[in-house]
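Here's the structure we're looking at; comments come further down.
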Protein chains: 2
Amino acid sequence: MILSIDFDTQEPIYRQIRSQIVSAVASGELAPGDPLPSVRSLAGDLGVNMHTVNKAYAMLRDEGYVTMRGRSGAYVADVKRSASTARAQEHREQIATELARLATELKARGGTREEFLAIATAQADHVFSQNKEGE
Amino acid sequence: MILSIDFDTQEPIYRQIRSQIVSAVASGELAPGDPLPSVRSLAGDLGVNMHTVNKAYAMLRDEGYVTMRGRSGAYVADVKRSASTARAQEHREQIATELARLATELKARGGTREEFLAIATAQADHVFSQNKEGE
DNA sequence: CTATCTGTTATAGTACACATATAACAGTTA
DNA sequence: TAACTGTTATATGTGTACTATAACAGATAG
């Protein structure tokens, strides 16, 4: 998988790395057991510092997306098998909170319930139709 | 309307002020023409600096939520009447982008399209059912 | 007209997050 | 055993958030 960093945006680099890896997990481009590049090599490829990549990896580890195996490095975990975890429940509650926030923003500008759900459905159709297996 | 600031969260104070005023506009608690407290009095009530409130007001002004009238102060604007503005279009695109982001996050953890739409519908029902007129 | 209050801008200081740089460490493995 | 992994420690520079003090132009109540 290829990561691309935008240095001109407000989103921190380590979050960009984290988001793109999560996206790859979502699309199936990264499957459980797949190895991730080492923090040093990825940092070199992206032109960023080692600690920036390490911060992204540590976050992915804390979120359950990857596991570390000593020298072997970082591997994609089977996060989908922990759907009933307390962590997974918190994750869904956080998504619900953010959805409510977006709905409120739209409503403040005159948007309707149907318009919000239309946008949500369109985006869901787009996201959940993507199912890549190999690269 | 009463604002409450959480000093222990990561969300900046000026964003908390801005969000709560937008929420009040969405619920109808604040209607077009309603006056907002002055930056100095609100800062005093909340126990924050004047510039922090001013930063929130400036953002609300740039977003079209409020208008300024010299000494009279800040008033709630009729932002719902500018639904076909370029700014309104950007706002909807930004919401769509964030919805896609949330859908991707849920999918990465094994969530389905139906589960995402179920959460979105539940939140939409909750948000769009709130319609306060007076305070 | 004039004093007052409004948002706004300028300057300065503190605190924290982000990113960098260099260095060293424990654990795993070829 | 040597090499590579993630991890941690320390230090530096930059940008944002918040505070503090001060002054300004514009609108308005008296």
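Basis for what follows: all heavy atoms, side chains included, without hydrogens, waters or symmetry-related copies. Quick note on labels: first sequence line is chain A, next is B, and so on, each numbered from 1.
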Note to self: Just the rounded figure in Å: distance from C1' of dA19(C) to CD of Gln16(A).
What the structure shows: 13 Å
Note to self: Below the 4.0 Å mark, does dC18(D) have OP1 or OP2 next to a side-chain nitrogen or oxygen of Lys55(B)?
What the structure shows: no
Next item on the list: Taking only heavy atoms on the protein side, list every residue of residues 56-81 of chain A lying under 4.0 Å from any atom of DNA chain C, sorted numerically.
Entry: Gly70(A), Arg71(A), Ser72(A)
Next item on the list: Please state how far atom CG in Leu46(A) lies from atom P in dC18(C), giving the value in whole angstrom units.
Entry: 18 Å
Next item on the list: Report the nucleotide, chosen from dT7(D), dT20(C), dA17(D), that has the shortest atom-to-atom distance to any side-chain atom of Asn54(A).
Entry: dT7(D)
Notebook entry, point to check: Under the 3.5 Å rule, do the base of dA9(D) and the side chain of His51(A) count as making a donor-acceptor pair?
Noted result: yes
Next item on the list: Return no unless some side-chain N or O of Tyr14(B) is found under 4.0 Å from OP1 or OP2 of dA17(D).
Entry: yes
Next item on the list: Starting from the C-alpha separation in whole Å, work towards a yes-or-no answer on side chain to side chain contact (heavy atoms under 4.5 Å, CB included) for Ser4(B) and Gln16(B).
Entry: CA-CA 8 Å; Ser4(B) 62; Gln16(B) 293 184 42; over 6 Å; no
Notebook entry, point to check: Is the NZ or CZ atom of Arg18(A) both under 6.0 Å from the centre of the six-membered ring of Tyr57(A) and within 45° of that ring's axis?
Noted result: no
Item checked: Main-chain N/O of Ala122(A) paired with Asp125(A) side-chain donor or acceptor, under 3.5 Å -> no
Notebook entry, point to check: Below 4.0 angstrom from OP1 or OP2 of dC4(D), is there any side-chain N or O of Ser38(A)?
Noted result: no
Item checked: Closest listed nucleotide, where the reference is the side chain of Asn49(A) and the choices are dA21(C), dT8(D), dT9(C) -> dA21(C)
Note to self: Nearest whole Å is fine: how far is dC16(C) P from Glu11(B) CD?
What the structure shows: 19 Å
Item checked: Spacing between Leu36(A) atom CG and dT5(D) atom C1', to the nearest angstrom -> 13 Å
Margin query: I need the CD1-C1' distance between Ile13(B) and dA20(D), as an integer number of Å.
Written below: 14 Å
Check: Looking at the side chain of Arg40(A), which of dA19(C), dT5(D), dT9(C) is the nearest nucleotide?
Finding: dT5(D)
Next item on the list: Starting from P on dC18(C), measure out to CD1 on Ile5(A) and report it in whole angstrom.
Entry: 15 Å
Notebook entry, point to check: Quick one: NZ on Lys80(A) to NZ on Lys107(B), what's the gap to the nearest 0.5 Å?
Noted result: 7.0 Å
Checklist line | Glu98(A) bridged to Arg101(B) by N-O distance under 4.0 Å | finding: yes
Next item on the list: Examine distances only and state if a side-chain atom of Thr52(B) and a backbone atom of Val48(B) form a donor-acceptor pair shorter than 3.5 Å.
Entry: no
Margin query: Just the rounded figure in Å: distance from C1' of dT20(C) to CE of Met50(A).
Written below: 10 Å
Notebook entry, point to check: Do the charged groups of Arg92(A) and Glu115(B) touch, with an N to O distance under 4.0 Å?
Noted result: yes
Notebook entry, point to check: Between Ser82(B) (side chain) and Thr85(B) (backbone), is there a donor-acceptor pair under 3.5 Å?
Noted result: no
Check: Under the 3.5 angstrom rule, does the side chain of Thr97(B) hit a backbone N or O of Glu93(B) as a donor-acceptor pair?
Finding: yes
Check: So how far off straight is the helix from dC1(C)-dG30(D) to dA30(C)-dT1(D), going by the axes through five pairs at either end, to 10°?
Finding: 20°
Check: Hey, does the side chain of Thr104(A) reach the backbone of Ala100(A) with a donor-acceptor pair shorter than 3.5 angstrom?
Finding: yes
Checklist line | Of the listed nucleotides dT19(D), dT6(C), dT7(D), the one nearest the side chain of Val48(B) | finding: dT19(D)
Next item on the list: Rounded off to whole Å, could you give me the CG-to-P distance for the Asp8(A) and dG15(D) pair?
Entry: 13 Å
